[in-house]
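Below: the structure, in structure tokens.
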Amino acid sequence: MYQASETINHKVETKMTENPLPGKRKSQLVDRNVRETVGQAKVPNFRMRCENVNVYYQFGEKKAINNVTLDIGKNEVIAMIGPSGCGKSTFIRCLNRMNDTIEGCRVEGTILLDDTDIYDKKIDVVPLRARIGMVFQKPNPFPKSIYDNIAYGPKIHGLVQNRQETDELVEQSLKRAGLWNEVKDRLTQPGTGLSGGQQQRLCIARTIAVNPEVILMDEPCSALDPIATAVIEDLIDELKKEYSIAIVTHSMQQASRVSQRTAFFHMGDLIEIGPTDQIFLSPLHQLTNDYITGRFG
Amino acid sequence: MNKPENTTSGSVRTVDLVQKGLARRYKAEKRFRRMGLCAISFSLLCLAVLFISIFGSGYSAFQQTVIELDIVLDPSGLNPNNLAGADFNGLVKTALYNMFPEVKDRGEKKKLLSLLSSGAAYKLADFVKAHPDRIGKALSLWVPADDDVDMLMKGHINRNLPETERRLNDQQISWIEALEEQGKIKKKFNTTFFTAGDSREPELAGIWGATCGSFYTLVITLILSFPIGVAAAVYLEEFAPKNRFTDIIEVNINNLAAVPSIVFGLLGLAVFLNFFELPRSSSLVGGLVLTLMTLPTIIIAGRAALKSVPPSIREAALGVGASKTQMVAHHVLPLAMPGMLTGTIIGMARALGETAPLLMIGMVAFIVDIPGGFTDPSTALPVQIFLWADSPERGFMEKTSAAIMVLLVFLVIMNSAAVYLRKKYEKRW
Amino acid sequence: MKKLLLSVLSLVFIAGVGNVGAESRDYISIVGSSTVYPFSTVVAENFGKTTKFKTPKIESTGSGGGHKLFGAGVGVQHPDITNSSRRIQKSEVETAMKNGINEIVEIKIGYDGIVIANSKKAKQFNLTRKDIFLALAANVPNPDGTPTVVPNPYKTWKDVNPELPAMAIEVLGPPPTSGTRDAFVELVMETGGKKFEFIKAMEKADGKQFKSICHTVREDGPYIEAGENDNLIVQKLDANPNALGIFGFSFLDQNADKLQGSVVEGVAPVFEAIADGSYPVSRPLFFYVKKAHVDQIPGIREYLKEFTSEKAWGDEGYLTDKGLIPMPAAERKKYSDIANNLTPLNASDL
């Protein structure tokens, strides 16, 4: 575990040194007051496509997301960064209709999963959420045993028929989440008894147990220490082979370490989107530049 | 104040100011603590006074004075096939007269007989029914003494008072003293108190009937109010739309929780007795009325418990694709259950101690037979206390306190169960 | 799921037993006066223990409440017998008639004395009804002798009657809902008021005002309503030797070591004096039987027999132990005949 985090740190350092001094290319940057998205929002091989998404809170009184268009490609990790309150969490929660549970919240625009509109009236959110899994900021295992935590989703969706299948699926999910070796002897113990990092990996295992197509992660490491964070980041790297992942993060280093593309949000607008290297090395928008160089946020 | 010139920096002055105010702040804190301590001590004192006075006047009720009679079960008057017709009273009388052969006068005999409880003959009858093989033999049997004798033995009647001011005259006391010398009168643990129903004779009265009545009533209350209360709480908290209508419902529920319980009794009288014509005085109706009274408590406690379930658990369940009902049933409800159970137990404890609504539906009544079911007429523990407290016989005073003690024991058990449940299941997430 | 099943089952169960319960009743249901309650319960208990019938259920609802329940109709949900510490009123009989109760059997069971007592620690009082009226009425005749009433100015017993001790007037008594209070007002206050000629004249001329003078008990402190619980009064009197209390004779009888009854009109409230009628403050006690129920509910005849037997209400009967003052033998004979023959009450007798 410790080894892993060191390598990552090393990688980051290299990247950071390549970062040109801020201010040098000031004249070439898009002006601060431009609110249109800069960069390549769409990709040809998308898994999810969001077009002109607007989100309102408090029965339309407050607008949280303003006209965001964004694609999530297949087998890619897309990071969403931005200062607090910029709307990145709100946006990611639109992607599996988690915002439905918030009273007075309204989502406009189109969000496609493959080619189905997930906000279509005919769409049932229950199977939708099985296809688009979510990992939350605070590790939130059910107050049940480790085993039941994993088995719960498959059971309610009917993915397993008997005890044996369940056992296999639980083992497989825990293995993929890199938790098997740590918990295999105490599957019947409560999931809440694990450490923070283990709990978060348990939540990831729980999410992948229902075999989703997209995994949304809302600041999954913000409550974890650096070592646990590194383990999760390695896990994300693994998972992108099979899933599309959208991750909201406060840590620019984390974004640069795990993602292929990065989206920068500011006050409800998607300011800039592009390949992660480009965002961090040569951003096109003045606000992005300000943010990644630490002038605000 | 000599201000040192060289240390005029702001930090030093801040420290001085803080120091100056510190004593005052600590004093305020101490004062506050002392006030709190006084409040606690005062309430503890009140509680202690209550307990001591109840215990002091009630503990003697757990003992009963009994007199030993040497009875010859003369087979001529006892037909084993028709024991109901036997003159057990006569046997008891004969046995007592034999102990005091010097008593000849009819008036004196009556006085002598009044030392024994009218329950003595019933006691003998029960014994013979249980042991028909003893007919024809002699036996010695401890039978209950009259409540006046009981009071005297327990020291509630002063033997030194002038004769006219006692309920027992000098001759009766001399008989009792004679019995004491022979070891034929003693105090023993009062099993009657725990096994008998109500009676007009303090020495024969027990709380078992009232306990059964309370039990049946609470069973009805529990099996109705718990599911209904939980269902209502879950619906209101998790599913109901938040609009004016549900606001009105909420206000009404909170209101109902504060409505005096007698109102529920009136409602029960109008609805269950007059409209549905359910049997008056039955624990069924009592349970229904107490259900109405307990429901708001359970609903409010249930909603609070549901509210306290962290949103992260809800999100987790929804996040893996649970439907709303599954989220509630599988995750939220189990987590809220300890809180709901606590609310239910507290509601039940309140129902157990309630008299006023039962007054209206006829459960405040003299009922001797132990209720055997939900429709039998029955009383409840607090009602029994109320009735005994209103009885003129001195012996009922200690019975009242003893019944209060029993009720308190039940309440303590129920409230401890609530605390235990809360402690055990609290904070598992 | 289990819970749901349980609750459904229980509802079915309740519906089941509820129906059974409403259709029949195998015990006698008695309501009424709290004064008669101690006597009828003893009879009920003896009846239950010595016969094959169930012990009657007795509710203490007060005389008025009892008549209301009793007169509500015929059927198992209505009581069979009501106890009363006063005679049934014409209006109550009329209500009962309206509800289909045509025949009511009236049984008088004996007398109850109302005593005015204080703690043995203090001196025994020797009162007249006039003294009591002056001490407790809200408005009393003007002390200057003019035939007008003024708000009660008396603070001590000595103010009322110079022969009485100079003690503050402090009387614990029953509230207006009590039958004891009705009887007290009628037997003591009215008679006391009538000692004044102008009030006596008022009875004929202006019954309403007569009643308002005689029936209104003062509310400025000296009269303390102590609730229906007579035991509470006994305890308070024991603790406070300066106070007097008003309650039924049976409570004095049971607490003779602590309390003494005040002498009223020269007669002390002792058993014999109440029985022979020389103690002025006593009232008859009754119970009323619904004749239509007699053969519907098992045991009513036998209960009447037990109540009217000499071993219960006779001179030496067990009811006298509980403080009931027996009727003279002739009167007992009359009412036991009524009980045997179930002779209904004639409304015109009232």
Side-chain angles (χ1 to χ4, degrees), chain B residues 84 110 114 118-119 121-122 157-158 161 164-167 197-201 204 219-220 223-224 226-228 230-231 272-274 276-282 284-285 287-288 359 362-369 373-378 386-394 396-397 400, chain C residues 3-4 6-7 9-11 13-14 17-18 20-22 25 27 29-31 34 37-38 40-42 44-46 48-49 52 54-61 69 72 75-79 120 228-232 234-235 248 250-258 260 316 318 321-323:
Chain B
K110 195 168 183 277
S114 73
S118 60
Y122 307 130
I157 293 179
N158 188 352
L161 279 175
T164 50
E165 298 181 6
R166 283 187 251 113
R167 286 187 57 77
D198 197 3
S199 170
R200 286 291 303 147
E201 306 298 331
L204 301 178
V219 164
I220 296 278
I223 59 180
L224 286 177
F226 184 66
I228 296 176
V230 169
F272 300 126
L273 293 184
N274 293 346
F276 287 111
E277 300 194 346
L278 291 173
R280 198 177 157 84
S281 308
S282 66
L284 170 66
V285 178
L288 288 169
L359 193 74
M363 281 182 82
V364 179
F366 175 73
I367 290 159
V368 175
D369 300 330
F374 295 105
T375 51
D376 285 353
S378 55
F386 172 77
L387 288 174
W388 284 349
D390 206 14
S391 300
E393 289 82 1
R394 188 74 60 78
F396 277 121
M397 236 161 82
T400 307
Chain C
K3 241 174 283 158
L4 189 78
L6 195 77
S7 49
L9 277 178
S10 59
L11 275 173
F13 169 61
I14 283 162
V17 291
V20 174
R25 177 150 60 75
Y27 55 89
S29 173
I30 302 172
V31 294
S34 53
Y37 174 86
S40 61
T41 47
V42 179
E45 191 175 346
N46 273 297
K49 281 188 174 149
K52 61 186 196 309
K54 284 198 172 182
T55 310
K57 179 195 85 183
I58 302 172
E59 285 177 56
S60 164
T61 60
L69 286 166
V76 286
Q77 69 270 35
H78 302 293
K120 281 225 154 143
E228 295 265 14
N229 188 335
D230 292 351
N231 250 348
L232 207 65
V234 172
Q235 285 179 21
S250 55
F251 283 82
L252 178 67
D253 194 34
Q254 292 282 342
N255 294 284
D257 57 337
K258 286 184 181 167
Q260 58 194 355
E316 302 280 304
Y318 56 74
D321 289 346
K322 293 287 169 189

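Throughout, protein chains are lettered first and strands after them, A, B, ... in sequence-line order, and every chain is numbered starting at 1.
For the atom pair E45(C) CD and I367(B) CD1, the distance stands at 13.0 Å (nearest 0.5 Å). Of the inter-residue distances, the one linking N158(B) atom CG with D257(C) atom CG reads 8.5 Å to the nearest 0.5 angstrom.
Take E59(C) and apply the salt bridge (Lys or Arg N to Asp or Glu O under 4.0 Å) test, not counting sequence neighbours, and it matches R280(B), K57(C).
Considering all non-hydrogen atoms of both residues, S391(B) and F251(C) come closest at C-CE2, 4.1 Å.
Using a 4.5 Å cut-off between heavy atoms, Q260(C) does not touch chain B at all. Within the 4.5 angstrom heavy-atom criterion, only backbone atoms of P56(C) (N, CA, C, O) approach chain B. Contact of Y318(C) with chain B is not made at all, since no heavy-atom distance falls under 4.5 Å. Looking at L69(C), only its side chain comes within 4.5 Å of chain B, counting heavy atoms on both sides.
Between R394(B) and N255(C) there is a side-chain heavy-atom pair separated by less than 4.5 Å. Side-chain contact between L204(B) and K49(C): present, with at least one pair of heavy atoms (C-beta onward) separated by less than 4.5 Å. Residues Y37(C) and L387(B) have side chains in contact (heavy-atom distance under 4.5 Å, counting atoms from C-beta outward).
For the options N46(C), T41(C), I30(C), T55(C), heavy-atom pairs under 4.5 Å to chain B are most numerous at T41(C).
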